[in-house]
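Letters A, B, ... are given to chains in the order of the sequence lines, protein chains preceding strands, and every chain is numbered from 1.
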Amino acid sequence: MIELKGKNGEAVQLESGASGFELLKKTGVQDPKGIVALKLNGKLQDLSRPIHEPGEFELIGIKSPEGEAILRHSTSHIMADAVKKLFPSAKVTIGPAIENGFYYDFEYPPGFSDQDLAGIEARMKEIIKGDHPFKRQELSRADALKLFQDKGESYKVELINGLPEGEPISTYQHGDFIDLCRGPHLPSTRYLKAYKLLHTAGAYWRGDERNPQLQRIYGTAFADQGDLDAYLKRLEEAKKRDHRKLGRELDLFSLHEEVGPGFVIYHPKLGLVRAVLEEFLKKEHLKRGYQIAYGPTLLKSELWKRSGHYDHYRQNMYFTQIDEDQYGIKPMNCLSHMLIYKNGLRSYRELPLRYFELGTVHRHEKSGVLAGLFRVRAFTQDDAHIICTPDQLQGEVLGVMSFVLEVMDLFGFPVEMELSTRPADSIGADQDWERAISALDTALKQSGFPYQVNEGEGAFYGPKIDIKLKDALDRKWQCATIQCDFTLPERFDLSYMGKDGEKHRPVMIHRVVLGSIERFLGILIEHFAGAFPTWLAPVQARILPIADRHHNYAGQVADRLLEKGVRVELDLRNEKLNYKIRQAESEKIPFMLVVGDQEEQEQSVSARIRGREDLGKMTLEQLEGRILAEARMPETKSKPTRREVP
RNA sequence: GCCGAUGUAGCUCAGUCGGUAGAGCAGCUGAUUCGUAAUCAGCAGGUCGUGGGUUCAACUCCCUCCGUCGGCUCCA
């Protein structure tokens with residue numbers, strides 16, 4: 001007999017070698033069918049596996065994150081089974097659970113189309129009905145190789161050969177379908193109640209574009225139909241908020257085949273939002289001791305060679321010729337800022353110098369990655385380069401982090417942080433990289449924020465902290481980034497006079513807060529579903545007179561608000577109030593101000609707020625107070641920085 | 001760039017078996033002067049993404065290219 005302890009301290013006596021099912025019975029859990037696996041001493045395993053060791057156990061419910069992952073992984077096996085039955089020439093590769101679902105990659109040169117999905121789903125249904133248990137088997141490397149070689153599953157053979165010595169090799173079988181797999185899995189196919197295949201896609205074997213392209217099928221599965229429906233509804237909701245759709249409907253921006261892919265045309269409404277956002281950014285940067293700079297779009301290729309961009313970033317750059325010289329169109333804003341710094345002798349007393357530029361950059365992105373405002377070929381960054389002494393580096397990184405957090409907080413976005421280290425294609429000395437990484441790492445630790453490390457994902461000139469925000473639909477977006485750079489100061493021979501009267505090398509931080517204005521606007525559009533907060537709304541109030549005889553008074557109300565800087569529009573069209581309201585609502589205008597006989601007599605308005613009901617009548621003073629409170633540009637809590645003559 | 005899908009009026013979408021296009025909304029004109037999500041009537045609007053091919057005849061079938069969408073790789 002062995003003793004197992006549950007999470008809540010309950011002890012269960014079990015015969016050594018008994019299965020998880022027996023353990024399940026002994027715990028007397030309410031809904032045994034809702035338990036899909038077991039965690040034994042921290043390791044997940046199938047319910048069917050025998051238990052030999054005492055220790056701690058945890059029952060994994062189908063609705064828990066781990067349970068859902070198991071459910072989805074098993075669903076991918078069942079789908080692979082169905083695909084092999086319908087398309088016997090398809091070769092299986094890998095099929096993991098992912099966030100919100102799963103996929104399975106097949107080598108199947110004819111490719112699957114979305115029409116095939118219904119057939120595959122139907123076949124899956126039959127397999128599920130068969131109530132086949134998932135059976136685990138461990139086998140020797142030689143047996144495993146033979147098994148999959150005989151089946152002609154060359155990708156599985158490659159995977160087995162890649163497994164480290166000593167790692168147990170296991171297969172899972174349900175019905176007559178066997179797959180190389182670590183597990184664990186559902187007890188049987190019947191546990192799968194709610195699933196849906198979503199779409200097909202191409203994907204490279206092992207994610208490398210030099211490898212053959214496989215056919216991927218994405219799907220998802222949930223514990224019950226309700227959860228699946230809720231998820232599908234969320235996808236629908238996301239579709240409704242798609243900034244490309246709203247961009248058209250709200251007349252915000254457009255992209256044109258005749259202009260070129262990835263080049264955004266701002267319509268006046270989004271132009272206004274952008275202008276307000278940029279004003280906000282300028283204020284916040286000035287407040288924090290940044291100085292505004294501007295550089296040209298074209299710089300001679302010689303300069304890009306010096307910076308390393310020509311050798312390491314050329315495939316993303318555009319070049320052009322002027323007279324005898326080749327010029328590069330800037331993909332980053334740093335070079336001009338380097339030249340500002342170099343324009344004179346610098347003293348340690350001047351540092352840190354923080355150059356801020358709303359700089360428009362052009363990058364040659366692959367055609368397949370372009371998407372609305374999210375991924376474009378020309379975009380404007382709220383970019384800055386901080387040049388400081390090595391001693392100041394840590395503090396500056398922390399300063400940028402708190403800047404980003406304050407701004408994200410103001411918009412109401414939660415954030416996540418990531419640290420990216422040295423990539424394969426990079427420049428600079430090892431020791432500089434180490435110093436830079438440790439500077440960022442220390443700053444992160446000091447901030448107390450949890451973070452994840454992405455090995456080899458840094459920029460070619462230095463490591464970076466990426467800050468990702470989460471929007472209203474819980475989707476993550478890369479916006480802010482803080483990059484540490486020792487090599488550009490080296491390449492441009494930047495220096496400053498130290499206290500000791502010697503020349504020293506400064507370090508540099510590249511950083512953006514919102515990142516790309518285009519991307520950030522796209523995120524805002526989706527986050528707010530097009531209903532911008534009043535301070536950003538292109539039109540803040542619209543005045544809706546009931547009949548022609550109220551036009552004069554409507555004009556007076558408009559003038560009064562206009563004088564206070566409110567963005568007001570008059571709807572003097574010969575239409576019924578209902579029509580005007582409907583239109584103002586669909587244009588997401590925050591304040592709708594109805595004026596008729598009563599209002600004119602009382603010198604008031606009847607206000608309606610977007611998405612809500614009638615607020616009732618209010619005097620013009622009340623109205624002004626209310627609108628101005630919402631229309632004022634918000635500010636982060638940081639106090640302005642003093643400036644001294646160095 | 002690669003895999004798959006897709007492209008008809010400003011927008012959303014019909015268009016059968018191949019016989020050169022239709023609706024709603026938006027627009028314009030007129031009537032209506034109206035109290036919290038669409039007043040009525042009339043008019044106008046399209047080189048069916050591009051170029052080529054098959055055919056007596058192509059929005060429809062085939063090929064090319066371009067754009068877009070979903071992914072892969074990449075990324076702010």
Side-chain angles (χ1 to χ4, degrees), chain A residues 103 105 108-116 198-218 239 242 244-245 248-249 251 254-262 315-316 331-332 361 363-376 379-383 457 459 464 466-468 477-481 483 510-520 522-523 544-551 573-587 592-599 606-617:
Chain A
Y103 66 79
D105 286 347
Y108 182 63
F112 305 112
S113 77
D114 287 352
Q115 280 88 48
D116 295 327
L198 296 171
H199 48 258
T200 56
Y204 301 106
W205 170 234
R206 301 198 145 166
D208 190 328
E209 60 187 324
R210 289 164 301 194
N211 284 340
Q213 187 147 35
L214 308 172
Q215 299 299 320
R216 175 171 297 181
I217 300 177
Y218 281 94
K239 232 180 196 172
D242 190 314
R244 293 167 294 198
K245 181 173 138 77
R248 218 176 12 250
E249 288 171 2
D251 195 18
S254 55
L255 293 151
H256 302 262
E257 193 171 340
E258 56 270 53
V259 173
Q315 67 285 358
N316 281 304
M332 298 183 192
V361 296
R363 297 185 185 174
H364 184 185
E365 301 292 344
K366 289 179 180 176
S367 60
V369 306
L370 302 174
L373 296 176
F374 286 162
R375 204 64 193 278
V376 293
F379 58 101
T380 300
Q381 296 178 300
D382 58 338
D383 203 1
E457 305 272 303
K464 57 178 183 170
D466 285 328
I467 303 172
K468 296 191 170 168
W477 300 103
Q478 158 81 72
C479 291
T481 168
Q483 310 179 344
H510 309 243
R511 45 105 286 178
V512 288
V513 176
L514 303 186
S516 143
I517 301 293
E518 281 71 11
R519 178 177 290 179
F520 193 75
I523 293 167
L544 314 175
I546 303 276
D548 290 356
R549 64 179 177 280
H550 310 120
H551 286 189
R573 295 174 302 172
N574 175 10
E575 296 289 352
K576 292 170 84 165
L577 180 61
N578 273 335
Y579 181 86
K580 294 181 182 180
I581 295 264
R582 179 185 161 81
Q583 198 146 334
E585 281 284 356
S586 54
E587 288 177 43
M592 285 156 270
L593 309 174
V594 177
V595 294
D597 290 333
Q598 300 161 30
E599 288 81 4
S606 287
R608 175 185 164 117
I609 292 204
R610 171 179 65 192
R612 276 178 269 160
E613 279 308 294
D614 194 352
L615 283 184
K617 273 189 286 217

For atom CG of A:Asn211 and atom C1' of B:C3, their distance in whole Å: 15 Å

Atom-to-atom span, CG of A:Leu593 to C1' of B:U36 - whole angstrom: 12 Å

Sidechain-backbone polar pair: A:Arg216 side chain, A:Asp105 backbone, donor-acceptor under 3.5 Å: no

Validation row: A:Phe379, A:Val361 side chains within 4.5 angstrom (heavy atoms): yes

Close side-chain approach of A:Ile546 and A:Val595, heavy atoms under 4.5 Å: no

Side-chain donor or acceptor of A:Asp382 paired with backbone N/O of A:Gly515 under 3.5 Å: yes

Gap in Å between the two P atoms, one belonging to B:A44 and one to B:A38, rounded: 29 Å

Strand RNA chain B in bracket notation, Watson-Crick/G-U under 3.5 Å with | for pairs to another chain: (((((((..((((.....[..)))).(((((.......))))).....(.(((..]....))).))))))))....

Integer angstrom distance from the C1' of B:U64 to that of B:C28: 41 Å

Non-neighbouring partners of A:Asp208 that pass salt bridge (Lys or Arg N to Asp or Glu O under 4.0 Å), sequence neighbours left out: A:Arg210

Sugar-phosphate only, base, or nothing, as touched by A:Glu599 at under 4.0 Å among non-hydrogen atoms: base

Span that lies between the P atom of B:C74 and that of B:G67, in whole angstrom: 22 Å

Under the side chain to side chain contact (heavy atoms under 4.5 Å, CB included) test, residues paired with A:Asp597 that sit two or more places apart: A:Arg549, A:His550

Side-chain N,O (A:Asn578) to OP1/OP2 (B:U36) below 4.0 Å: no

Touch class at under 4.0 angstrom, heavy-atom based, for A:Ser586 against every strand present: nothing

B:G45 versus B:G22 - spacing of their P atoms, nearest Å: 13 Å

Partners meeting side chain to side chain contact (heavy atoms under 4.5 Å, CB included) with A:Ser606 (sequence neighbours left out): A:Val594, A:Glu599, A:Lys617

Inter-nucleotide P distance (B:G24, B:C65), Å rounded: 39 Å

Nearest-angstrom distance, P atom, B:G1 to B:A9: 26 Å

P spacing across the pair B:A14 / B:C56, given as an integer number of angstrom: 32 Å

Closest-nucleotide 5' rank along RNA chain B - winner of A:Asp597 and A:Leu214: A:Leu214

Atom pair distance, as rounded to whole Å: CD in A:Glu249 and C1' in B:C13: 14 Å

Atom pair distance, as rounded to whole Å: CG in A:Leu198 and P in B:C69: 19 Å

Whole-Å gap separating P (B:C25) and CG (A:Asp251): 20 Å

B:A26 OP1/OP2 closer than 4.0 Å to side-chain N/O of A:Tyr579: yes

Any donor-acceptor N or O pair under 3.5 Å, side chains A:Tyr204, A:Arg206: no

Euclidean distance, atom CZ of residue A:Arg573 to atom P of B:U29 [Å, nearest integer]: 14 Å

Phosphate contact (B:C25 OP1 or OP2) by A:Arg248 side-chain N/O below 4.0 Å: no

Touch class at under 4.0 angstrom, heavy-atom based, for A:Gln583 against every strand present: nothing

Lys/Arg-Asp/Glu bridge criterion (N-O < 4.0 Å) met for A:Glu209, A:Lys366: yes

Heavy-atom side-chain proximity of A:Leu370 to A:Pro261 below 4.5 angstrom: yes

A:Glu585 vs A:Gly260, nearer the 5' end of RNA chain B by closest nucleotide: A:Glu585

Sugar-phosphate, base or nothing in reach of A:Gln598, heavy atoms under 4.0 Å: base

Short N-O contact, A:Asp466 and A:Lys468, less than 4.0 angstrom: no

Euclidean distance for P, B:C59 against B:G49 (whole angstrom): 10 Å

Summary of protein contacts for nucleotides 71-76 of chain B, nucleotide by nucleotide, where a base hit scores B, a sugar-phosphate-only hit scores S (4.0 Å, heavy atoms): BBBBBB

Nearest-Å distance for atom pair CG/P, residues A:Asp105 and B:G4: 15 Å

Ring-ring centroid check A:Trp477 A:Phe374, cutoff 6.0 Å: yes

Carboxylate-amine/guanidinium proximity below 4.0 Å for A:Arg608 and A:Glu585: yes

Distance, nearest 0.5 Å, that separates CE of A:Met592 from CG of A:Leu577: 10.5 Å

Per-nucleotide protein contact string for nucleotides 61-66 of chain B (B base, S sugar-phosphate only, - none; heavy atom under 4.0 Å): -----B

Shortest side-chain distance from A:Ala547, nucleotide among B:U33, B:C34, B:C3: B:U33

Integer-rounded Å distance: B:U6 P and A:Arg244 CZ: 18 Å

